[in-house]
Structures are given as structure tokens and as C-alpha cells.
Amino acid sequence: MRILVIEDEKELCQTIAEGLRIDGFEVDTCYDGEEAWELIWVEKYDLILLDLNLPGIDGMEILHKIRKENLEVNILILSARGQVKDRVEGLDAGANDYLCKPFAFEELSSRVRCLTRRHFIQNNIVLVSGELTLNTKTRVAYAKGSELSLTRKEIGILEYLMLHPEAVISQEELIQHVWDGSVDSFSNSIRVHMSALRKKLRNALGYDPITNRVGQGYLIGGKKHE
């Protein structure tokens, strides 16, 4: 899942981003409202963590602009404005959640997981596809009950495919949601990571559960080869 952290306190912004990356998310950061609005229009995010006191464009204005344009993205406000009226204003303006500063990262992490699962109408933290399971909280995958040794990118690819079990996922969509904006559509990075993931799955399962639809993308749920 891909997250944008908009926070003008650079040290706090980077601390949040690093923690979320450890949790398995791809994270972009910015420190002012104008840059944030440009990123929101150019990139596709699953979740935005939004500070309200921003230089350039205020956080509440960004929130209003996002909802006015009907952009479908979850928004979690992070703010020192902790009065009840502030929280009510933010939620009424279209925020999905509101967390007051200071906060414990464990609580932020829990709220982020809740919002990203809600985005995909996914109530169980354990995803299942055939003989594969993936715990989205611990970031551990299993094949036939045995733990797989996967890299962070491989876990990200597998999670996104398992969240969309009946959809063909294009390379461009994987770039948007599994990478952090440092890779373009002409990069070989996705194919390299996908190839490594499929090899590990074949070794563990005896077959490849990922199908490559030429010119379209990848689909989870390949059949066993007798």
C-alpha cells in the first residue's frame, strides 16, 4: 500500500515514514501544502496522513479540495489541534480518522492498518489464496503452512495481488501501490522482483499461483500443474 505523509516538522515526518516502511508500506513525504497538492494530483495514494498546520496551503484546505474533487483516498489527520470542535470539523470535512499529537507510533500504525484494510473492504488481517496465506500485520507469508522467506518488495507484490484475487494487475498499478515513486514504467525492477517471487512460490508450492497475462498484467490464483 502506498502512503503520503504531509507534515511540516521534517524530523517527525521522516520518523513516521521510516516506521511505516518497516511495517511494509511504500511512503512518500512532503513538508508543505503546495507540494502536497501537486503530489496528490500526480500520484495515486491509498492513504494520506495530513497535518493541518502547513505552510503554503493549510491542511484543512487540502482536505476540502480533495473531497470537492471527489478523489477516493483515505485521509488520517495528524494534528496538535485536539479540541473536540477541531476533531468534529476535520471528520465532517471528510477525514476518515483523526489522531491528536503527541501520539504513540503503535497507535498510528494500528489506525493505518485499519484504514488500508477498510479501503479494500478487508476485515481479516490474514489474506488467503489457495495454499498461500499472508498476515498483513506481521508481514509474513506462508505456503502450505511453511513460512516463506520474502523480501519487503516481494511481500508488497504478493499482498497487492491477494487483495485483488479476481483482477489482472498491471505493471503500472504495481508501480503506483507497491513502489515509492522512485521507479518508472520502463524500469526492469518490477519484473526482477516478480520473477524472484514466482520462483520462491514455485519452489514452495510445486506450481506457480501467479499468471502473467501478456500485455495486461498479473493475476493471483494459478492452477496446479499435474
Side-chain angles (χ1 to χ4, degrees), residues 1-120 136 152-153 156 159-160 163 172-184:
M1 304 297 101
R2 193 169 180 190
I3 297 173
L4 174 62
V5 181
I6 310 169
E7 169 60 62
D8 68 333
E9 297 181 39
K10 294 186 179 181
E11 185 174 347
L12 175 59
C13 186
Q14 292 305 319
T15 298
I16 292 172
E18 183 57 32
L20 292 174
R21 290 180 182 120
I22 291 173
D23 282 350
F25 296 99
E26 296 302 331
V27 184
D28 292 341
T29 60
C30 64
Y31 313 117
D32 66 77
E34 292 181 357
E35 181 185 4
W37 186 239
E38 291 178 2
L39 284 171
I40 291 166
W41 268 112
V42 172
E43 306 292 346
K44 185 176 182 180
Y45 293 101
D46 300 294
L47 174 64
I48 295 174
L49 304 188
L50 177 63
D51 181 28
L52 295 183
N53 296 320
L54 296 171
I57 303 176
D58 182 76
M60 281 300 297
E61 184 178 348
I62 289 177
L63 175 57
H64 284 295
K65 287 163 71 73
I66 289 173
R67 294 313 183 212
K68 183 179 179 180
E69 297 295 336
N70 294 317
L71 300 180
E72 294 184 4
V73 58
N74 281 323
I75 298 173
L76 168 55
I77 291 176
L78 304 177
S79 178
R81 303 179 192 174
Q83 299 297 318
V84 171
K85 64 179 181 63
D86 297 315
R87 300 198 298 272
V88 169
E89 181 184 4
L91 294 170
D92 283 349
N96 301 90
D97 200 355
Y98 196 114
L99 184 59
C100 297
K101 299 177 182 177
F103 52 82
F105 181 79
E106 290 78 9
E107 181 178 4
L108 172 63
S109 179
S110 177
R111 294 190 185 214
V112 166
R113 289 195 301 272
C114 178
L115 287 171
T116 52
R117 287 199 302 271
R118 190 185 306 167
H119 181 72
F120 292 101
T136 60
R152 186 162 65 91
K153 279 290 189 290
E159 178 184 38
Y160 198 79
L163 281 167
E172 289 73 20
E173 190 168 350
L174 286 174
I175 289 173
Q176 291 177 340
H177 293 275
V178 182
W179 265 253
D180 59 5
S182 61
V183 174
D184 59 43

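Hydrogens, waters and symmetry mates play no part in the numbers below; they use all other heavy atoms, side chains included.
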> Using every non-hydrogen atom in the two residues, find where G94 and L63 come nearest and quote the distance to one decimal.
C-CD1, 4.0 Å

> Looking at T15 and E11, would you say the former's side chain and the latter's main chain have a donor-acceptor pair under 3.5 Å?
yes

> To the nearest 0.5 Å, what is the distance between NZ on K10 and SG on C13?
9.5 Å

> Is a side-chain donor or acceptor of R81 paired with a backbone partner of R87 at a separation under 3.5 angstrom?
no

> Under 4.0 Å between a side-chain nitrogen and a carboxylate oxygen: does that hold for E61 and K68?
no

> Please report the interatomic distance CG(L108) to CG(L20), rounded to the nearest 0.5 Å.
5.5 Å

> So, for E26 and R152, which heavy atoms are closest and what is the spacing to 0.1 Å?
OE2-NH1, 3.3 Å

> Would you name the heavy atoms of D86 and Y98 that are closest together and state the gap between them?
O-CE1, 3.5 Å

> Within a strict 4.5 Å, meaning less than it, do heavy atoms of the Q14 and T29 side chains meet?
yes

> How many angstroms lie between CD in E9 and CG in D51, if you round to the nearest 0.5 Å?
7.0 Å

> Is any side-chain heavy atom of I62 closer than 4.5 Å to a side-chain heavy atom of I40?
yes

> Just do the side chain to side chain contact (heavy atoms under 4.5 Å, CB included) check on E159 and T136 with the steps written out, would you?
CA-CA 8 Å; E159 178 184 38; T136 60; 3.6 Å; yes

> For L4, is there any backbone N or O sitting under 3.5 Å from a side-chain donor or acceptor partner on D28?
no

> Applying side chain to side chain donor-acceptor pair (under 3.5 Å) between N74 and each of D46, N96, D97, report the one that passes.
N96

> Looking at E89 and K85, is any side-chain nitrogen of the basic one under 4.0 Å from a carboxylate oxygen of the acidic one?
no

> Quick one: are D23 and V112 in side-chain contact, heavy atoms under 4.5 Å?
no

